[in-house]
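For reference, the structure discussed in these notes is given below.
On a predicted model such as this, the values are computed, not experimentally measured, just so you know. Per chain, numbering begins at 1; letters A, B, ... match sequence-line order.
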Amino acid sequence: MNKSKNAAFAYSFLLPSALLTLVLGIYPIAWAFRYMFYNYKGYGTARFIGLDNFSRILRDAEFWNSVVNTFVYAGGKLLLSIPLSLLLAAILNRKIRGRQLLRAVFFMPTVISTAVMAVVFFTIFNSYNGILNQFLIKFNISSSGIDWLGPKHAMLTVILVAVWGAVGNYMLLFLAGLQNIPEDVYESSSLDGANKIQQFRFITLPMLGPVLQMVIMLAIINALKGYESIMVLTEGGPAGKTEVMFLYLYKLFFPVGGSAASTQVQEFGYGSAVAFMSAVIVGMISLIYFYASRRMNRID
Amino acid sequence: MRTKEITGKTVLWIFLLALAFVTLIPVVITILGSFKTNSELTTGATFLPSKWHFSNYAEAWDQANFSTYTMNSLIVSLSTVAGTLLVASMAAYVVDRMDFFGKKIYVGMQSFTMFVAVGAVVLRPQFDLMVKLHLHSSLWGVILILISAHASIFFILLSFMKGIPRELDEAARIDGSSLGRTFWTIILPLLGPGLGVGALFTFRGAWNEYLLPLVFTMTKPELQTLTVGLANLKYGISAASQTHYMMAGACLSILPILIAYVFANKSFMQMTAGSLKG
Amino acid sequence: MKKQLLLTSLSAVLALGLAACGNSNTAENSGEASNAGKASDAGAASGEKTKITYWTGDRHDAEFVKEKVAEFNETNTDGIEVELVVKGDDFDTALDLSFQTSDSPDVIRVKENTIGTFYKKEYLAPIDEYLSDDMKAKFPEMTDLNTFDGKRYSLPNYGTTMRLIYNKDLFAKAGVTNPPATLQELVDTAKKLTAAGKADGAYGFAQNFKSPTSALGRSARVIAEMSGFGGFGYDFKTARFDFSGFKPIIEAFKQIKDDGSMLPGVESLDIDPLRAQFAEGKIGMYLSYSSEPGVYSTQFPAKIDWAAAPAPTIDGKVKGASGFLGGQWLALSSKSKHKDAAWKFMEYMYSDQMLTSYQEKGFGISMVPSISATAKTPEVNGIEGFLPNQYDGVWPVYPSVAPEGMKSDDAFFKYMLNGGDLDATISDLNKRYNAALDDAIKNDGLKAEPDPSFDPAALAGKFAK
């Protein structure tokens, strides 16, 4: 009796979320995905072509180039931003002077809109008269400046920009997670003679377990899916050097054209197939991570 | 021992200040840029404005219809925050604390929505649905769709939920508290930090959302939100962008997010104080 | 206590939202009701206004159009009220969605690269029945630009020309008298200008390669068209794609880059920063559209003396026509409930007086022969060089296809950066574009028939004064 009552309670609490997700999340995705078996350009009749779109994916060198770029981009972004934000959270959770101000400072980048970022980062990084190069030349660190957005360094630059934009987010999530660790645990351990690094290793990390696991998972998904800052900074260029999976996908649905350029064709059908393929890739990586990190999901 | 501590402190502060400097540079450039002329800003040769053009703000305020649109943006963002937190925390509670048929399917469904991105393509079916519900030219449509995208907040809250000891539920049950009552009186308050950060992220996301309000206010300009108004400052392809106004508008529009930050930040502080007392 | 606070604020927020959204709903409902009412008495004799909407994506003329729409609303005697809606980059998306509801506009601004798609999506209504014989004669009929399957869907107003834009001060400093007329001269001039200007940070040439499509669409395209090749690699004589005409052009661009005569960092350069640098005098030459004079007179005031010249050709021989883009302006929505009223508004917009002001105020270059014959030169500084000359002409519409793999512009830019085998790149492009063309002909009903008598040089000169 209790069990069925509990189940009824569970379903009633789940209902709003499940209903909204199903109707406004899953259904629209399914609606778009059905086109992956069609040749459809956004008007006229959609022509059924079976699995042709998928065989096209297999021979689409640009797509696989974008997949490789995605891994480089996501890997770089995660390796820099997660440790950095965790470190910042750990430091700013302590009672050091000015921590409120510093938290706000590190949060600042996350509130600036991407559209404006394009202009700002171009001002900083452009090789012709960018602020960074002016600085490097003035202080004789580099004789002629570095081509930050050129073919050799563009990927590094978009990773740095992504890290700049992400650290504040993850720092806040970690900070919030740290609030669940009672201060007295730290106090008693320092009485026992544990230093700060030991405290971090043996108290902070384990107790942060579930939050850490989830934040890293979201960070992975975000890094794999991220494309907006790349779009405003390089549009995937030069010559595909920073083209990532979801930017490539975006361009299939919404071709970026010059003003009076020729009519751009929307690749609705192929785009859906690529969307499906990218979802499979993101899903697989997330699942691998999830199973590999299961140990973190427990508080011992 | 003492010198070691002092060196440690120095290193720590050098690290923090250097990082803060690097973090703030682009922000400072944005603010300074908002006072430049379009050509000075786009040429990008100067750091400080050669002449301070405060009129950019007046112009942005006017052109983007700030006073009206800020209200609309607030309605959308605050309703989305309230709805998202409610829906996601309820779901996270039962998923973490109870066993029932379909739980795995539900979690799989939420994950699935996070793996997929078809961008604005899903707008079409979403819009169709709203046409059927007669919500296609009101902000309700926007709010509902924004609330429906709560997967990441759900997972964040789920992970915070795991940090709340189950003994508390058990104790409440023994005291005769119903499951719903336990959720409202015990779980939610302890979920403070998670809710705070979730609220902040949801607020920021809704505040910056562009395409949805654009589409749903197509025929009702008086319902447009700030992002839509700001995008209007950008010229179309027949001329150059009015980047200086965009910068000024962007600087104005981050203020509400900063206010939201101050509120959210309070929720972390409260918790620390609370746990110290307890 | 805390919970109570949370709940109160939560319900306050919801109530606030409910009130605001509720209001909008009722407003919408009443709006629909009155619309329905109007549809039944379309004559609008009862004194009630017939409301129509006009959507445009144009910003450069927004103030002027706003004024003229207000004037129409005050002066027309048919009780018509026009609502002007100016959209941004999202025009196409918004239009697509509006056609799924009853909220689609009555009058739509169409462009050379959207009218074909809108026609195929059945957004547009033919206007033949409204056209007087006078109007039919006055406005040139252009296949696939305003006329589809023998029916007219729009009329021309103004168009866009493409030119080489150059910094006269830097030319003087480098001792160059004439703008380049061949690719070799372009390469050489860029080199000389760079030698003369580099000390001050000025370079000979620039292109906005942040988007190769945008960069080559305003440069390689017009050079190819002037030299007699289709601007997007399509050959109207054979009805096939053949990019070989682009080989010398792309090689010249690569040469300019390898010489160091190209502004550093063009890989990530957008058109606006390019314009801003040109206005500062840091760029010797670039190729672009006739919207540039407007930008330099209002948005980025030019600190240098500049002018525009016809684009160079491959070898100095003009065998084609410099593309004059346009041929359409306003169109009638197929879903409009007030087509008669909408047409009255269009008639007003297409009046001689209006079209003349468009040219004279410098919003665009008239494509209507009777207007361009009488209208004065625009008031905008630098526009003279953009006015139609003996080289300008309207090309037929290029078929749009979706090839598998890399687009031509990206492939060309990749070659410019990394080198490689350009011949192999071109034959690969030909293969893929023609495969996509065949597919579109077979499956999507695209029409592409060879025209052996097609002579691109014959297109030119029809708009010259």
Which portion of C:D444 sits near chain A, non-hydrogen atoms under 4.5 angstrom: side chain
At a 4.5 Å cut-off on heavy atoms, which part of C:P273 comes close to chain A: side chain, backbone, both, or neither? side chain
Sequence-distant partners of A:F48, ring pair (Phe, Tyr, Trp, His ring centres under 6.0 Å), two or more places apart: A:Y38
Per-residue tally against chain A (heavy atom, under 4.5 Å) across C:P399, C:G116, C:G405, C:G326 peaks at C:G405
In terms of heavy-atom contacts, A:E235 and C:S211 come closest through OE1-CB, 3.3 Å
To the nearest 0.5 Å, what is the distance between OG (C:S400) and CD (A:Q266)? 11.5 Å
Verify the neighbour count for atom NZ of C:K407: are there more than 12 heavy atoms of other residues, nucleotides or ligands below 6.0 Å? yes
Does A:K241 pair with C:E267 as a salt bridge, N-O distance under 4.0 Å? no
Give, as side chain, backbone, both or neither, the part of A:N126 having an atom under 4.5 angstrom from any heavy atom of chain C. neither
Region of C:Y415 that comes under 4.5 Å of a non-hydrogen atom in chain A: neither
Distance in Å, A:L149 CG paired with C:L269 CG, rounded so as to fall on 0.5 Å steps: 10.5 Å
Compare every heavy atom of C:A402 with every heavy atom of A:K41, then report the nearest pair and how far apart it is. NZ-CB, 4.3 Å
Return yes if some donor-acceptor pair links the side-chain N/O of C:K210 with the main-chain N/O of A:V232 below 3.5 Å, else return no. yes
Measure the OG1-CG distance between A:T45 and C:N443 for me, rounded to the nearest 0.5 Å. 9.5 Å
Around atom CD of C:E122, are there more than 12 heavy atoms of other residues, nucleotides or ligands at under 6.0 Å? no
Yes or no on side chain to side chain contact (heavy atoms under 4.5 Å, CB included) for C:E404 and A:D60, after CA distance, side-chain angles and deciding distance? CA-CA 8 Å; C:E404 276 188 22; A:D60 187 345; over 6 Å; no
Identify the heavy atoms of C:G265 and A:S127 that sit nearest to each other, and give their distance. CA-OG, 3.2 Å
Relative to chain C, which segment of A:F122 carries a heavy atom at a distance below 4.5 Å: side chain, backbone, both, or neither? side chain
Of the listed C:K414, C:M416, C:K121, the one with the largest count of heavy-atom pairs under 4.5 Å with chain A is C:K121
Lys/Arg-Asp/Glu bridge criterion (N-O < 4.0 Å) met for A:R47, C:D439: yes
Residue, of A:P238, A:G240, A:G237, A:G145, that accumulates the most heavy atom pairs under 4.5 Å with chain C: A:P238
Nearest 0.5 Å, please: how far is CG in C:D410 from NZ in A:K251? 6.5 Å
